[in-house]
Amino acid sequence: MTPLFPEDAGSVSAAGVLLQGAQPPINYTRDPDPGWRAGRPACLKELCPVCGDKVSGYHYGLLTCESCKGFFKRTVQNNKQYVCAEKQECTVDRGQRKRCPSCRFHKCLHVGMRLEAVRADRKRGGRNKFGPMYKRDRALKQQREALIHHGGFRLDSGPPLGPSTHHMHLTFTNGFHPLPMAQPPPLCSLLPFPPLAGPQYQCSSLSNWTVKSQHSNDGSAARIHSFSPQAPRMPQLVMEFLHCEPDELQLQSKIAARILQEEPGAPSTFSLMCVMADQTLFSIVEWARTSVFFKQLKVDDQMKLLHSCWSELLLLDTVCRNVLQGREGSLLLVTGQEVELSYVASHAGLTLAGLVQRGQELVEKLLILKVDRQEIACIKFLVLFNPDVKQLEDHQFVESVHEQAEAALLEYTLCTSAHLLGRFAHLLLCLSEIRSLSTHAEDYLYCKHLSGGVPCNNLLIEMLHAKRSCA
DNA sequence: ATAGCCTTGAGA
DNA sequence: TCTCAAGGCTAT
């Protein structure tokens, strides 16, 4: 599922091969999806990711229609508690959006509408902190449109002469100006910050989130939750985790810029994939470095944790991108490009195709569970603060953060899907599948590295080696 | 309660 | 001054 793996031995480059043949496996065109797997709209002409109605502008974090904007506002402002009468699998489209507010609100959260954008003080007018994000999103969409319409984005494949000669030509010729980027520094230099002095984050397992039982109108037992005013509908810690999340659009721009910096003309598929994985790793390290709790750790412990979980985080990143924004039947890469899964299945080597298949199954599981951004933010902390990592100086702290993250996730799931008992356990099961799959993927990559030709001088290889030398 | 239209006001 | 994403109003 991750884009980082080179071709199977004896077979051709997965992504390179994917790019051959009649239909281009990578494209920028995306169906507006009325289902849970909402595509990102390219402009106002596109459809609301919640219900498929006409988009009226950016509302609470993304382009939505007027009615979903109003619905989201009413729900958050009035602290409404909905309960789905079915199994929380109701269709939310233009015709049926009024039928189940519970599923509609879940879908709002799932596609990325931001609770924080609803103003607690109800002040009108002006701009909020999302302004720059909307601007970047608009710019990115314009960039893409220009690339498509002016033929500036070209994808073609080299002659079928074997793995090492397959090339993917990614050429941006119009309206795209890469940011200057330095050669990637090693991990240790990315973690130069000493542990935070001054006030530390509380490590208590209590939040100001309360849960009490109450009876609903129909007489059935229901859980009613009260929320803190700063963190409507979610535990404080989940809010905290959410604030640590990186800016996806900035990451996408950076990686696209790096790809342009690669050998002009014909970068190999493999080096492109390495750039994607490598740059994603940089963003992961940056995320961790600036995240709550992690920045309190000593650099040695930070290194140990990252060395232990980098591949899990990389896999999680790709899986979650596909859960939240992906389109059925294709693999959404960090750059916003898509690869047809059928093409992977038929053209990649057995090992790689198997890994991608397992990743896809994980995506399906998480789609069924309707995992949202809040839960993903918690899961990332569960992965990062792994108490099983050996020789940690502050093992107790790591364990405590892990427990808190787990408790926060449990509280959140109890609130948003109280009637779906076992959902929390299912999320944890997905977490162990992430661990298992990432181990296999890492082994695969390491074998490829040993059998030759994985470009050195990148964070990816550094991580791979660091972990092996620890093991 | 919903959803289309109106008003507001900080920042470009 | 203009823009546009907030909140508000109101017919349905």
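Residue-level contact check: Arg74(A) touches the bases, meaning some heavy atom is under 4.0 Å from a base atom. Contacts of Arg127(A) with the nucleic acid, taken as non-hydrogen atoms under 4.0 Å apart, include base atoms. In this structure, Lys69(A) reaches the bases: a heavy-atom distance under 4.0 Å links it to at least one base atom across the strands shown.
For the pair Asp121(A) CG and dG9(B) C1', the interatomic distance rounds to 13 Å; values are reported in whole Å. Remark: C1' of dA10(B) and NZ of Lys129(A) are 17 Å apart, rounded to the nearest angstrom. Nucleotide dT2(B) holds its P atom 6 Å from the CZ atom of Arg104(A), rounded to whole Å. One atom, CD of Gln77(A), and another, P of dA3(B), lie 16 Å apart when rounded to the nearest Å. Rounded to whole Å, the distance from OH on Tyr134(A) to C1' on dG11(B) is 15 Å. Atom CZ in Arg119(A) sits roughly 13 Å away from atom C1' in dT7(B) (whole-Å rounding). Rounded to whole Å, the distance from CG on Asn128(A) to C1' on dA12(B) is 15 Å. When rounded to the nearest whole Å, the span between CG of Asp53(A) and C1' of dT2(B) equals 12 Å.
Using a cut-off of 4.0 Å between Lys/Arg side-chain N and Asp/Glu carboxylate O, Glu312(A) and Lys380(A) are scored as not salt-bridged. Ion pairing between Arg423(A) and Glu375(A) holds under the 4.0 Å rule for side-chain N and carboxylate O. Glu89(A) has no carboxylate O lying under 4.0 Å from a charged side-chain N of Lys87(A), or vice versa, which leaves the two without a salt bridge.
Taking a 6.0 Å sphere around CZ of Arg94(A), one finds it holds 12 or fewer heavy atoms contributed by other residues, nucleotides or ligands. More than 12 heavy atoms of other residues, nucleotides or ligands sit less than 6.0 Å from atom CZ of Arg119(A).
Remark: of the listed residues Leu333(A), Thr280(A), Leu331(A), Leu331(A) is the sole one forming a side-chain contact (heavy atoms from CB on, under 4.5 Å) with Thr318(A).
Looking only at side-chain heavy atoms (C-beta outward), Arg358(A) and Leu362(A) stay at 4.5 Å or farther from each other.
Annotation: the terminal axes of the helix from dA1(B)-dT12(C) to dA12(B)-dT1(C) meet at 10°, where each axis is the rotation carrying the C1' atoms of four end pairs onto the next four (5 pairs per end, rounded to 10°).
Annotation: cation-pi geometry not satisfied between Arg97(A) and Phe71(A) (NZ/CZ under 6.0 angstrom from ring centroid, within 45° of ring axis).
In this model, no donor atom of one side chain and acceptor atom of the other lie less than 3.5 Å apart for Glu240(A) and Gln236(A).
The residue among Glu66(A) and Phe71(A) whose nearest nucleotide of DNA chain B lies closer to the 5′ end is Phe71(A).
Where DNA chain C meets chain A (any atom under 4.0 Å from a heavy atom), the bounding nucleotides read 5' to 3' are dT3(C) to dG8(C).
Put simply, Arg124(A) has no side-chain N or O that comes within less than 4.0 Å of OP1 or OP2 on dC6(B).
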